[in-house]
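Note that ligands are numbered from 1 as they come in the structure, with each ligand's atoms numbered from 1 the same way. Computed from a prediction, not measured in an experiment: that's the story for all the values here. Each residue takes its place number in the sequence, starting with 1.
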Amino acid sequence: MEVAALFALTLLLGALVILVALAVGRRKDEIREETEQAAESAAEASVAKGPTSKKQKQEKQRIRKDKPAQHSFSHPLLAASLKGHSGKVTCMDFSSNGKYLASCADDRTVRIWSTKDFLEREHKCLRANVELDHATLVRFSPDSRAFITWLANGDSIRIFKMIKKEDGTFNFKAAPEDFPQRHKAAILNIGIAETGKFIMSASTDTTILIWDLKGEVLASINTNQMTNSYAAVSPCGRFVASCGFTPDVKVWEVCFGKGGEFKEVARAFDLKGHSAGVHSFAFSNDSHRMVTVSKDGTWKLWNTDVEYKKQQDPYLLKTVPCSSSEGSRVALSPDGRVVAVTDGRSVALFDAASGQLEEELRGVHSEEVSGLSFDVNGRFLACCGDKAIRVFHNAPGYRAAIRDMQDMLRKAQNEAMKQRLQQQITEAQSALDAVLAAPAD
Ligand SMILES: *[C@@H]1O[C@H](CO)[C@@H](O)[C@H](O)[C@H]1NC(C)=O
């Protein structure tokens, strides 16, 4: 009912704006812009229940007038532009079952998108309201039936349950209590371990907190890196890692006993090799590879599949020059074949094995890219940075997979194997051709 009412209101406001605009004979694209703004005001009105002061209103109008025209972007690999948020999207996360993408924005909503519709013309989303606050970070729980958020004003974690309705959509229910406020500096990231055993939160002041799912702090880590620029939980759920002002990336293991009880946080290994601070890092899906991007002007790929308990160190596989800047993000495709690095508003895609630059996506967003992630199957790369989320076909991933299979074909001994590889190559090639033949938006 509420959605229907909002929709009707939006239409009404939109129609009014169009009438007025037609009367004064404005240009067509200006009308579209105004209509979108009317929709935004309606959305804002529905979430901001409190009274707005006259000053705030004037302020808003001023911002509206100064607002530049809608950012437009096109690229042959663009698969979808997910539009729905009326504020800046600051974080996204794919669910581990591969079905959903969650995004949060300063419009006081978290949206849940269906990955199944990425190639459709319409991209529907479900909307969870973040009451009296907005979320700056969002992460799915391992079972894809809940998500955690970082609250901008509350400075704490709020958990939302996704309760399935008969029609297959969800009701969203916030946990009765938010986590207590414990961080003293700006937050960098949050995460839930895939094992479901802990939640992590990290702030710029070198503090990482390990929480149980009820909001009790299990451990506090001081990273000793002067300031931190990024921290994350590994996809296997065993490790927590951080980077910052110092050139080393530090990795800890969060240890639990046989009965599932928390034991300790132990140093696991360091990635040593950069000659300046590290902006960001990412893991492959099995945590056997890591990629790091540094102020020293390179990204590095590491083999982290080592027995660190026997003092074995991770080893460096590749160092590749790339442009980066404060706030740069990096992503590694789940199979470890493709590295994506952001620099301001742009994203570069590299082949991980050869280090070759494969694609440059320039000016993807109207503001700095704030989130970057491959989907769990490695078919798509998504990024955010303004109101829209851009989803790209991972063409470099398809090409790298084809090259690997061609290599195997050359070495294959038996006929059955050769035939199977040949068929897989043909399939992958036609999937890639289809992707390149059908650019969206
Ligand atoms: C990692 O991703 C690859 C490619 O999508 C997939 O085949 C593999 O099963 C995934 N492994 C894990 C541990 O999720």
request  = Using a strict cut-off of 4.0 Å, indicate which atoms of ligand 1 neighbour a heavy atom of V376.
outcome  =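 Listed by number with element: 5 (O).
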I'd like to check which ligand 1 atoms, numbered from 1 as shown, lie under 4.0 Å from a non-hydrogen atom of P334.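 The list of qualifying atoms is 2 (O).
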Atom 4 (C) of ligand 1: closest protein heavy atom, distance to 0.1 Å, is D335 CB, 4.2 Å
shortest atom 10 (C) of ligand 1-to-protein heavy-atom contact is with N285 ND2, 2.4 Å
Between [X] and [Y], how do the two ring planes meet: parallel, tilted or perpendicular, split at 30° and 60°?
X: W150; Y: H183; result: perpendicular
X: F281; Y: F283; result: perpendicular
X: F269; Y: Y308; result: tilted

Expected output: side-chain S203 to main-chain A186 donor-acceptor under 3.5 Å
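Between the backbone of A186 and the side chain of S203 there is no qualifying donor-acceptor contact (under 3.5 Å).
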Practice task
State plainly whether the residues E216 and K214 are in salt-bridge range, i.e. N to O under 4.0 Å.
Solution key: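 The answer is no: the pair does not qualify as a salt bridge.
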| Contact bool for atom 7 (O) of ligand 1 (protein heavy atom, d < 4.0 Å) | no
